[in-house]
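What follows is a single structure, written as structure tokens, with notes after it.
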Amino acid sequence: MIVFPKSLAKFWNKKEKTDQDAVRSTEGMTEQPEDPDEAIPASEPEQTAEPEQAAESEQAVESEQPSEPKEMTALDHIRELEQLLGMEPEKQEKQVPEQKAQGEVPTKSDPSAEESSEPPILDLKVSSNGMRAVLEVTLHSLNQKVTPEEILAFLERKKISYGILEEEIREYCKQANFMQSLVCAVGKQVLDESDGRIEYYFETDKVLRPIQRKDGSLDYRELGLVKNISKGDSLCALILPNPGSDGMDVFGKVVPYHKGAVPVLPIGVNTQASEDGQTLISMVDGTIEMLPNAINVNEIFIVKGDVGRDSGNVSAKCSVLIQGDVKSGFSVSAGGDITVRGIVEHAHLEAGGNIVISQGMNGGGRGSLKAGGNISGKFFENAILDAQHEIYASIIMNSVVRAGGSLILNKDIATLAGGECTVGCGVYAKNVGNPSGSVTKVRIESRELNALLTESSKKLKNPEVLLHELDNARREMREFEDQFERLHQQFIQQHPEDDGTKFEQVNKAAEKKRIQFSKKIEELEEQHQQSEASLNSFLSYSIIAKGMVYPGVKMEIAGYTYNVIKETSCAKFYLTYGKIEWRPATPTDTPDTIKH
């Protein structure tokens with residue numbers, strides 16, 4: 001097949017049309033001889049003649065016999081057009097001659113039969129990290145080949161010495177698919193060391209909760225608060241990094257691996273490293289205090305009696321154990337936890353961790369407890385309680401309570417009566433308020449609740465409203481389908497000869513309408529599901545009374561209020577869209593801390 005140069009493309013069609021018109025004009029005037037040799041009285045020019053000579057001889061033959069035009073090949077047309085335009089024959093694109101397709105030997109005048117004297121161009125691209133080399137081959141003619149030995153010699157000149165893919169190179173040359181690039185060399189990847197770590201031999205979780213006994217009561221002495229350690233015991237161990245290995249790029253250059261970070265043992269008070277430097281050992285018997293960069297073993301400061309006139313105020317950086325009471329007017333502060341085996345009077349206790357009072361507290365309206373963790377006790381009366389996490393008790397009366405988490409009242413009494421209670425999550429009790437109708441304020445407020453409320457108010461609707469809209473959309477779609485089917489049957493009865501073509505546009509419009517209905521229904525269903533999920537999230541911010549809620553109780557959840565005007569038993573109060581509602585409490589509403 002002959003491919004014309006782009007500069008001759010527009011002339012070819014014009015020339016071919018002219019030749020066809022000339023042939024049609026000679027039909028009927030002169031009969032074509034059966035012998036093809038007689039149709040061409042002039043001898044054919046030699047195949048080895050130059051393109052200009054062949055074109056001149058063809059023009060001479062045509063001038064001698066204008067009435068019998070000679071059938072010209074595509075190559076003859078190209079040569080004639082080249083002479084007309086004054087173009088050099090060498091500027092043609094190299095093509096496979098028609099003679100080769102017919103089994104003839106190509107002549108010197110055929111440029112595609114000549115092999116280029118220029119060698120193929122080999123180009124090498126190496127990745128920035130030197131781990132991958134890609135070869136690209138550019139040929140000057142279709143008959144050119146590249147041997148594996150030439151590629152290997154080229155790589156040697158380019159100083160590629162490692163990771164040469166010799167088998168892939170030989171297969172590449174065998175396939176001779178030089179239009180594609182070849183990954184000819186790949187380096188060895190670096191294996192970096194992993195970072196070392198510290199493995200602890202004790203529980204690092206600081207969340208403390210009372211353990212429930214078999215009889216259902218809470219054991220406020222077993223909170224998992226104190227992490228005891230004996231002298232000579234191991235606190236933690238240093239796990240060294242896994243070994244790495246060097247890599248090598250395609251130039252044979254070593255690429256060193258990165259070493260992993262080796263942590264430092266958190267040596268603190270009363271601790272030391274082992275002989276090999278990989279284990280931290282306690283030097284004394286005591287309790288563990290874990291800091292961001294160190295582990296201390298503290299000996300608990302024990303008060304063998306009351307905190308009062310004989311001892312004065314107590315201030316310690318470790319945990320404090322008081323075996324007696326805390327008398328009125330005194331204070332105890334601790335960087336860790338405070339444990340009181342007796343009662344607390346009009347005193348002030350502040351702990352960085354938990355406060356555990358085995359008996360209870362009568363604050364006289366002035367005593368206060370402030371804990372960075374939980375507060376636990378049997379009873380609290382006329383006291384001020386402030387805990388960042390949970391508050392556990394059996395009864396709380398006429399107190400000001402604030403908990404970042406929840407207030408959980410257990411045992412048979414489990415009553416919250418009088419005072420004010422503000423929590424971040426919820427309240428769980430048996431009874432809220434009392435039969436005398438004393439005012440008891442219960443409030444739930446937190447950043448998480450406000451964020452949930454803000455998001456829901458912007459994006460979601462009431463599930464009941466969405467369900468009503470969804471039912472309407474489904475009803476409208478059914479009515480549309482019924483009406484369309486009725487009209488379709490009427491059309492068929494009135495136009496029995498119609499094959500469906502006249503009703504086609506109506507069908508298309510009906511299909512669009514169906515798609516609109518379906519899309520609307522899907523959107524409403526998705527919104528309804530999101531609304532239900534949001535409502536379930538609100539259920540965790542609730543006030544639960546497994547016994548009785550008495551009149552005089554004022555509830556507030558995220559700014560929405562609810563006043564109890566009649567006794568309500570076994571109820572769960574929660575926030576729904578724009579108001580506080582209640583439903584019967586179920587066993588699943590029991591907090592996990594008192595289920596077991």
Side-chain angles (χ1 to χ4, degrees), residues 206 208 210 220-229 268-270 284-292 294-404 407 419-420 422:
K206 294 184 179 181
L208 305 175
Y220 296 100
R221 292 173 294 180
E222 299 295 336
L223 299 173
L225 169 65
V226 179
K227 298 177 177 63
N228 295 307
I229 189 74
V269 178
N270 295 328
V284 297
D285 295 336
T287 59
I288 302 172
E289 180 185 12
M290 187 173 181
L291 302 176
I295 297 177
N296 297 336
V297 177
N298 298 322
E299 296 177 284
I300 299 177
F301 183 81
I302 301 176
V303 179
K304 297 180 179 180
D306 300 335
V307 174
R309 294 181 180 180
D310 295 338
S311 63
N313 295 331
V314 176
S315 178
K317 294 183 179 180
C318 62
S319 298
V320 176
L321 172 61
I322 302 171
Q323 295 181 343
D325 302 332
V326 180
K327 299 298 183 178
S328 299
F330 291 89
S331 65
V332 179
S333 63
D337 306 305
I338 297 176
T339 303
V340 180
R341 295 292 173 84
I343 64 172
V344 178
E345 298 178 355
H346 311 165
H348 301 278
L349 279 66
E350 183 174 356
N354 300 329
I355 295 178
V356 179
I357 302 176
S358 299
Q359 298 301 319
M361 177 180 181
N362 188 338
R366 300 185 303 274
S368 65
L369 304 178
K370 184 176 182 180
N374 303 332
I375 294 178
S376 302
K378 285 187 176 181
F379 72 91
F380 296 98
E381 183 178 1
N382 296 317
I384 301 172
L385 310 180
D386 186 357
Q388 289 190 9
H389 296 156
E390 276 72 37
I391 295 179
Y392 300 92
S394 296
I395 182 172
I396 297 179
M397 299 178 61
N398 301 320
S399 298
V400 178
V401 179
R402 176 175 291 274
L407 170 63
E420 297 182 3
T422 303

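The structure displayed is predicted, hence computed values, not measured ones. In this chain, residues are counted from 1 in sequence order.
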Interatomic spacing from [atom1] in [X] to [atom2] in [Y] - rounded to 0.5 Å:
X    : Y    : atom1 : atom2 : answer
I322 : R341 : CD1   : CZ    : 11.0 Å
D386 : I391 : CG    : CD1   : 7.5 Å
I396 : L385 : CD1   : CG    : 6.0 Å
I355 : K370 : CD1   : NZ    : 10.5 Å
I229 : N270 : CD1   : CG    : 12.0 Å
T339 : Q323 : OG1   : CD    : 11.0 Å

Query raised in the report: When V284 is tested against each of V297, V269, N298 for side chain to side chain contact (heavy atoms under 4.5 Å, CB included), which residue passes?
Result: V297
Report task. Could you check I384, I357, I338 and say which one makes a side chain to side chain contact (heavy atoms under 4.5 Å, CB included) with L369? Result -> I357
Could you pull out the closest heavy-atom pair between [X] and [Y], with the gap in Å?
X    : Y    : result
E345 : M361 : O-CE, 3.8 Å
Q359 : K378 : O-CB, 2.7 Å
V326 : A347 : CG1-CB, 3.4 Å
Y392 : F380 : O-CE1, 4.1 Å
G353 : A371 : O-CB, 3.5 Å
V303 : V307 : CG1-CG2, 4.2 Å

Can a donor-acceptor pair be found, under 3.5 Å and without considering hydrogens, that links the side chain of [X] to the backbone of [Y]?
X    : Y    : result
N374 : H389 : no
S399 : N382 : yes
D306 : D325 : yes

Report task. Assess whether side-chain contact (heavy atoms from CB on, under 4.5 Å) is satisfied between N296 and L291, documenting all intermediate values. Result -> CA-CA 8 Å; N296 297 336; L291 302 176; 3.6 Å; yes
